[in-house]
Amino acid sequence: MDNNYKGMAVGVFELDNLVACFVALDAVSKAANVRIQSVERNRLKSGACVKMRGSVSDVNAAMEVALEAAKPLGKVVSHTVIASPSEDTEIALKMTINK
């Protein structure tokens with residue numbers, strides 16, 4: 001996967017179960033022009049955190065679709081969109097991948 005996300009917005013959402021994450025990811029990939037940066041399983045529970053990248057408008061649209069698709073299957077733990085992540089934020093985002 002291409003790791004060059006410079007200048008892209010980031011959308012992050014966490015769901016309480018992995019099945020809901022897969023359903024949300026499928027809906028996202030069909031609804032908006034975003035790239036999935038990572039899916040990180042929650043160590044203490046069965047949920048996962050998803051990071052997706054793209055333009056601000058695509059990430060916002062993808063977030064809406066993801067949360068709506070996940071709603072019948074699980075609980076949304078948290079979600080946010082960062083329009084223009086700082087360099088320090090980019091470093092922190094990369095540090096959590098595969099941890």
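Model, not experiment: these values are computed from the prediction. Residue numbers run from 1 in the order of the sequence given. Computed over heavy atoms, backbone and side chain alike; hydrogens, waters and symmetry mates excluded.
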* To do: Looking only at non-hydrogen atoms, find the nearest pair between Ala31 and Val65 and report the distance.
  => CB-CG2, 3.7 Å
* Is it the case that one hydrophobic cluster holds both Val76 and Met63, taking links as side-chain heavy atoms less than 4.5 Å apart, direct or via other members? -> yes
* To do: Could you tell me which residues satisfy side-chain contact (heavy atoms from CB on, under 4.5 Å) with Ser86, sequence neighbours excluded, listed by chain and number?
  => Asp88, Thr89
* Could you pull out the closest heavy-atom pair between Ile36 and Tyr5, with the gap in Å? => O-OH, 4.0 Å
* Structure fact -> Heavy-atom nearest pair, Asp58 first then Ala32, reads O-CB, 3.5 Å
* Just how far is it from atom CZ of Phe13 to atom NZ of Lys51, taken to the nearest 0.5 Å? -> 12.5 Å
* **Qualifying residues under side-chain contact (heavy atoms from CB on, under 4.5 Å), relative to Glu90, sequence neighbours excluded** => Arg53, Pro85, Leu93
* To do: For residues Ala27 and Ala69, report the shortest heavy-atom separation together with the two atoms involved.
  => CB-CB, 3.8 Å
Please set out all donor-acceptor pairs under 3.5 angstrom arising from side-chain atoms of residues 14-23, sequence neighbours excluded.
unit_1	atom_1	unit_2	atom_2	d
Glu14	OE2	Asn42	ND2	3.1
Asp16	OD1	Lys75	N	2.8
Asp16	OD2	Lys75	N	3.4
Asn17	OD1	Val19	N	3.2
Asn17	OD1	Ala20	N	2.7
Asn17	ND2	Leu73	O	3.0

* 4.5 Å side-chain heavy-atom contact, Glu87 and Lys6 -> yes
* Asked: So do Ser55 and Asn33 actually touch side chain to side chain, heavy atoms under 4.5 Å?
  -> no
* Could you pull out all residues at least two apart from Glu64 that satisfy salt bridge (Lys or Arg N to Asp or Glu O under 4.0 Å)? => none
* Asked: Please, which pairs that meet salt bridge (charged side-chain N to carboxylate O under 4.0 Å, His left out) have at least one residue in residues 19-29, sequence neighbours excluded?
  -> Asp26-Lys30
* At their closest point, which heavy atom of Gln37 faces which heavy atom of Val10, and how far apart are they? -> OE1-CG2, 4.4 Å
* Asked: What pairs with Asn60 under side-chain contact (heavy atoms from CB on, under 4.5 Å), at least two apart in sequence or on another chain?
  -> Val56, Val81
